[in-house]
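Following: one structure in structure tokens, then a few remarks.
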2 protein chains.
Amino acid sequence: MQKRVTGPEIERLIQLLARVPGLGPRSARRAALHLIKKKDQLMGPLALAMNEAHDKVQICSTCGNADTVDPCTVCTDPARDQSVIIVVEDVADLWALERAAAMNAGYHVLGGTLSPLDGVGPDDLSIAGLVDRVARGGVREILIAVNATVEGQTTAHYITEQLSGFDLKVTRLAHGVPVGGELDYLDEGTLAAAIRARTAF
Amino acid sequence: MQKRVTGPEIERLIQLLARVPGLGPRSARRAALHLIKKKDQLMGPLALAMNEAHDKVQICSTCGNADTVDPCTVCTDPARDQSVIIVVEDVADLWALERAAAMNAGYHVLGGTLSPLDGVGPDDLSIAGLVDRVARGGVREILIAVNATVEGQTTAHYITEQLSGFDLKVTRLAHGVPVGGELDYLDEGTLAAAIRARTAF
């Protein structure tokens, strides 16, 4: 039987850190020891930042982004063209697409994908909210940027149907070879898609 | 240029999480989003645990372990045989050896290894503290459990010299094949050590 080697407060810190994605039980211990060593430079500020985020974070009632204001930073940004809405599964996808900085548009976070097996139906996603936004007018393009999975594509088709009555362009992300990718390692579906969508040099 | 997509409090949380070992900038964002989703189940308790640990953690003045009491849980454990002291480089090593639960002894954390190139001399480690503990009497064995690196072994030799005047046994960890290890992947030094230290079946 393993014996206690440190105080219950530190044990509890390790247990909680182990539940953070990216950290397991072993790296949680390593992280806890690092935090202890950097008590005032890192652990204190991090505790404060978590407390602040905990108190202030809210989900934008318009687009579903995680922010400390509602409507969120993206929805209220005057420099964005809100007539184009990029539909994503998750807040992480919104942030990832923004890092690409390829489009200066609005967003709509679905909160997942349709998945009958897991009991996720249209009412569990913010699809009605998206249709509402479109119905209010001023939207000319919906870019459905869901994952290229079966669930993602099913969800994309469902959304397209829901939006079929409106006069707007519904687009999706291109399939193709990832930048920096090696053909040899790509699956046939991706290669076939890249060939079909080939462009002039 | 990348635009802000969320509030400064959340950005700050991500920046601080990225400085935790085991998390990089990308996994820090993922961790932050998970914490936001599990606001009350994980982020709140974790902030609290960090605050508590920050306020209470201290380094044991006897052995150097990180704990919330001084002397620490290990030093005050009446079930431990404190006449044997296991000398380790770091608190992480103390915790790792305890997980093995192979020895019910006291510990002494050096706080690093001798490394003239990095300007780490004997006075930067708690070697004098170890000699003091031995001089106070009651110690019959010192197990030097430092890493099997050049710096570790140099430190081990230095400690052995410092303890040469006392009547006690100074031991070190055995070299050999790691449990579950495959011979084919092991270096020659380890294999040679395992052969020299072979034991009867």
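Here is how names work: the chains are called A, B, and so on, in the same order as the sequence lines, proteins then strands, and each is numbered from 1.
- Looking only at distances, no side-chain donor or acceptor of B/Asn147 sits under 3.5 Å from a matching main-chain atom of B/Thr149.
- With a 4.5 Å cut-off on non-hydrogen atoms, A/Leu35 touches chain B through its side chain but not through its backbone.
- Of the listed residues A/Arg19, A/Arg30, A/Arg12, A/Arg26, the one with more heavy-atom pairs under 4.5 angstrom with chain B than any other is A/Arg19.
- Looking at B/Ile159, B/Leu130, B/Thr155, B/Val109 one by one, the single match for side-chain contact (heavy atoms from CB on, under 4.5 Å) with B/Leu125 turns out to be B/Thr155.
- Of the atoms belonging to A/Asp40, heavy atoms from both backbone and side chain fall under 4.5 Å from chain B.
- Looking at B/Asp90 and A/Lys37, a side-chain N of the basic residue comes within less than 4.0 Å of a carboxylate O on the acidic one, giving a salt bridge.
- Interface residue A/Leu13: backbone and side-chain heavy atoms are both found under 4.5 Å from chain B.
- The candidate with the highest count of non-hydrogen atom pairs below 4.5 Å against chain B, out of A/Asp55, A/Asp77, A/Leu94, is A/Asp77.
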Q: Starting from the C-alpha separation in whole Å, work towards a yes-or-no answer on side-chain contact (heavy atoms from CB on, under 4.5 Å) for A/Val139 and A/Ser83.
A: CA-CA 4 Å; A/Val139 178; A/Ser83 73; 5.6 Å; no
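- The neighbour count for A/Asp187 CG, taken as heavy atoms of other residues, nucleotides or ligands under 6.0 Å away, is above 12.
- Among the candidates B/Leu23, B/Val74, B/Leu33, the residue making the largest number of heavy-atom pairs closer than 4.5 Å to chain A is B/Leu33.
- For a residue to count as touching a neighbouring chain, one of its non-hydrogen atoms must lie under 4.5 Å from one of that chain's; by this rule B/Val69 does not touch chain A.
- Of the atoms belonging to B/Arg80, heavy atoms from both backbone and side chain fall under 4.5 Å from chain A.
- Inspection of the B/Glu89 and B/Thr113 side chains reveals no N or O donor paired with an N or O acceptor under 3.5 Å.
- Listed for the B/Thr190 side chain is no donor-acceptor partner under 3.5 Å among the backbone atoms of B/Leu186.
- The shortest distance between side-chain heavy atoms of B/Thr6 and A/Thr68 does not fall below 4.5 Å.
- Interface residue B/Lys56: only side-chain heavy atoms are found under 4.5 Å from chain A.
- With a 4.5 angstrom heavy-atom cutoff, A/Ile14 touches chain B only via side-chain atoms.
- A salt bridge links A/Arg140 with A/Asp81: at least one charged nitrogen is closer than 4.0 Å to a carboxylate oxygen.
- For the pair B/Ser126 (side chain) and B/Gly129 (backbone), a donor-acceptor distance under 3.5 Å is absent.
- Heavy-atom pairs under 4.5 Å with chain A peak, among B/Glu52, B/Glu11, B/Glu9, B/Met50, at B/Met50.
- Heavy-atom pairs under 4.5 Å with chain B peak, among A/Ala49, A/Ala53, A/Ala47, at A/Ala47.
- Taking the charged nitrogens against the carboxylate oxygens, B/Glu141 and B/Arg172 have no contact shorter than 4.0 Å, which rules out a salt bridge.
- Residue contact with chain A, scored on non-hydrogen atoms closer than 4.5 Å, involves the backbone and the side chain of B/Leu46 alike.
- The candidate from B/Ser27, B/Pro45, B/Ala28, B/Cys72 with the greatest count of non-hydrogen atom pairs under 4.5 Å with chain A is B/Pro45.
- Only the side chain of B/Asn104 comes within less than 4.5 Å of a heavy atom of chain A; its backbone N, CA, C and O stay farther away.
- Heavy atoms of A/Ala79 lying under 4.5 Å from chain B belong to its backbone as well as its side chain.
- No side-chain donor from either of A/Ser115 and A/Glu151 sits under 3.5 Å from a side-chain acceptor of the other.
- Per-residue heavy-atom pair counts under 4.5 Å with chain A were compared for B/Ile59, B/Thr73, B/Val91, and the maximum is reached by B/Thr73.
- Contact of B/Asn51 with chain A is made through backbone and side chain together, with heavy-atom distances under 4.5 Å.
- Per-residue heavy-atom pair counts under 4.5 Å with chain B were compared for A/Leu48, A/Val20, A/Leu42, A/Leu17, and the maximum is reached by A/Leu42.
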